[in-house]
Amino acid sequence: NLYRLWYMSYHPGGVRYAESVDGIHWEKPKLGIIDINGSKQNNVVFDGGFESNGGEFGSVFHDPHADPSEQYKMVYADWGEKGMDDFQREGFAYNATHGTLRGASSPDGIHWVRDPENILGNLPDTQNLGMWDPTLGKYVIYHRSGATFGEINTWNYKVKGQRRGRAVGRMESDNFRSWTTSEVALAPDVLDGLNTDIYNSAYARHPDNPNVHYLFPSFYRHYEGTFEVQVCTSRDNRNWTRICRDTFIPLGKPREFDSFMISVSPGIVKVDDTTWALYYRSEERPHPGSAPSTFKLGYKPQSGVSRVTFKEDRVIGIEAGKTKGHFSTRPLTFEGNELIINSEPLGSDGELKVQLLSTETRVGEAIPGYDFESCEPIKSDGTRTVVKWKGKNGLDSSISRKSVRLHFNMQSTRIYAFQFIG
């Protein structure tokens, strides 16, 4: 019955632990595990393990698939011949060829043992994360990688690709020991421009649906020194789509705690029945090495852990303005007797209606009694609004559960999700 937080501290280094009753006010227990400057009266739970030169924390996840002695797992980077302090003192100019991506396990999230095998060689950089996927039946890691562009390999034409900045790599494993070859899961494209790297993947599974996956990546804009959070979606935790390029969490105003950088932490946290939260690292300074970082800010920047809340499932939506619009789904197989909608009006004229289309009759023909004329308009803001048709008590037995299409008609409304229940 606690929120549990693992985070990185560079002063001095180490993975630290905190816990909270409400997710906002945190306690840092003195655990007596790791000696820091001659004292164990601190909340450090892991220092990188045997012969570590100062790890760069990635993420902790709970593994219900594992033996109880390893039910908590960690993914982190070790900097090899040089520690993070050296890397920072040189202004991030050190282009390391050493470093490894490593794993550790724990029975309680407090006492950690480093895994003997390295997950990935070469410098993996920061903000790496792992998980157990119950649908795939595999462990998955998303890590910092690189991408290329301009490669041609067709017929007799071969052009070697050039380095295209940072990207998100992906690996799988059956046992958290042996891993597949890393492949690029997400990379900047021509629309992002050469000004952009992807620094942070921030994977999160839908809290109630194991087949809905999100990334909340930070797009690093070099000229501005900022991290811009967008959204990617997947149905299989392998193939990712950027449905839109809107900023999901806007940066704060100048001098606010998150005015320059937002790096979302892995996982969506359910605050209550209708509210989700994302935790993120916030910065009020530009990223080192970017163009604005050469100028003095005029104040001492702070960094920290912050939180944003939003209504359940309201990550990406389809929106209609003052001019009415409509769209329909592909044929659906479903169970249940009621259709619920997650939508919000965007103005006083907001309205949404739904009709059911048969896949067995003429294309676009509405099922009698379940057409737009019979649908009671939805004008209120709600995450689980029941769709009602006049004279109907939900979806009766005449509606085929094997194949039906939903047709939406909207004005000044945004719809995020729908579901059959009951």
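Counting from 1, the numbers follow the sequence of the chain as shown. None of the values given here were measured: they were computed from a predicted structure.
Counting only heavy atoms from C-beta outward, the side chains of F420 and L406 approach each other to under 4.5 Å. The shortest distance between side-chain heavy atoms of L215 and L186 falls below 4.5 Å. Using a 4.5 Å heavy-atom threshold, the side chains of E312 and D273 count as separate. When side chains are defined from C-beta on, I268 counts as touching L278, because their heavy atoms get closer than 4.5 Å. The closest side-chain heavy-atom distance from I110 to I33 is below 4.5 Å. Between F257 and S306, some side-chain heavy-atom pair lies under the 4.5 Å cut-off. The shortest side-chain heavy-atom distance between E19 and L2 falls under the 4.5 Å cut-off.
The distance between the ring centers of F57 and F46 does not fall below 6.0 angstrom. Remark: aromatic rings of F248 and F216 are close, center separation under 6.0 Å. The aromatic ring centroids of H287 and Y220 lie less than 6.0 Å from each other.
In the model, N211 has no side-chain atom that pairs as donor or acceptor with a side-chain atom of R235 under 3.5 Å. Inspection of the S263 and Q127 side chains reveals an N or O donor paired with an N or O acceptor under 3.5 Å. In the model, Q71 has no side-chain atom that pairs as donor or acceptor with a side-chain atom of D108 under 3.5 Å. Between the side chains of Y139 and D63, at least one donor-acceptor pair of N or O atoms lies under 3.5 Å. Side-chain contact check for R16 and Y7: no donor-acceptor pair (N or O, by modelled atom type) lies under 3.5 Å. No donor-acceptor contact under 3.5 angstrom links the side chains of Y280 and N200, judged on distance only. One side chain, R405 or S328, offers a donor N or O that lies under 3.5 Å from an acceptor on the other. D349 and S412 share a side-chain donor-acceptor pair at under 3.5 Å.
Note on R170 versus E183: no salt bridge recorded, every NZ/NE/NH1/NH2 to OD/OE distance being 4.0 Å or above. The pair K40-D35 does not count as a salt bridge, with every side-chain nitrogen at least 4.0 angstrom from each carboxylate oxygen. Note on R242 versus D192: salt bridge recorded, some NZ/NE/NH1/NH2 to OD/OE distance being below 4.0 Å. A salt bridge is defined here as a Lys NZ or Arg NE, NH1 or NH2 lying under 4.0 Å from an Asp or Glu carboxylate O, and K353 with D371 fails to meet this definition. A salt bridge links E70 with R177: the closest approach of a Lys/Arg side-chain nitrogen to an acidic carboxylate oxygen falls below 4.0 angstrom. Taking 4.0 Å as the cut-off between side-chain N and carboxylate O, E344 and R314 count as a salt-bridged pair. Between E228 and R221, at least one side-chain nitrogen of the basic residue sits less than 4.0 Å from a carboxylate oxygen of the acidic one, meeting the salt-bridge criterion. Note on D258 versus R281: no salt bridge recorded, every NZ/NE/NH1/NH2 to OD/OE distance being 4.0 Å or above. Looking at D78 and R102, a side-chain N of the basic residue comes within less than 4.0 Å of a carboxylate O on the acidic one, giving a salt bridge.
Using cut-offs of 30° and 60° on the angle between ring planes, the pair F408 and F327 is parallel.
Side-chain atoms of S173 come within 3.5 Å of backbone atoms of S178 as a donor-acceptor pair (strictly under, hydrogens ignored). Side chain of T226 to main chain of F260: no donor-acceptor pair is present (N/O by atom type, distance under 3.5 Å, no hydrogens or angles). Under the 3.5 Å distance criterion, the side-chain polar atoms of R384 are left unmatched by any main-chain donor or acceptor of G382. T100 places no side-chain N or O within donor-acceptor distance of the main-chain N or O of L120, the cut-off being under 3.5 Å. Using a distance-only test at 3.5 Å, with no hydrogens or angles considered, no donor-acceptor pair links the side chain of T247 to the main chain of I249.
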side-chain hydrogen bond (donor to acceptor under 3.5 Å, both in side chains) between S234 and N237, intermediate numbers included: CA-CA 6 Å; S234 174; N237 200 6; 5.7 Å; no

Working note: H206 + W276, criterion ring-ring contact (aromatic ring centres under 6.0 Å, His included); need CA distance, chi angles, decisive distance, verdict. CA-CA 10 Å; H206 191 291; W276 290 357; 4.9 Å; yes

Between N37 and S39, does the side-chain hydrogen bond (donor to acceptor under 3.5 Å, both in side chains) criterion hold? Intermediate values first, please. CA-CA 6 Å; N37 295 330; S39 174; over 6 Å; no

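Geometric assessment of R4 against the ring of Y72 yields a positive cation-pi assignment under the 6.0 Å and 45° thresholds. Judged by the 6.0 Å distance and 45° axis criteria, R255 is positioned over the aromatic ring of Y299. The cationic atom of R144 (NZ for Lys, CZ for Arg) lies less than 6.0 Å from the six-membered ring centre of Y199 and within 45° of the ring axis. Within the cation-pi definition used here (under 6.0 Å to the ring centroid, within 45° of the axis), K28 does not qualify as a partner of Y17.
For residues 324-333, the set of pairs meeting the salt bridge (Lys or Arg N to Asp or Glu O under 4.0 Å) definition, not counting sequence neighbours, is empty.
Remark: Y203 pairs with Y142, H213 by the ring pair (Phe, Tyr, Trp, His ring centres under 6.0 Å) rule, at least two apart or across chains.
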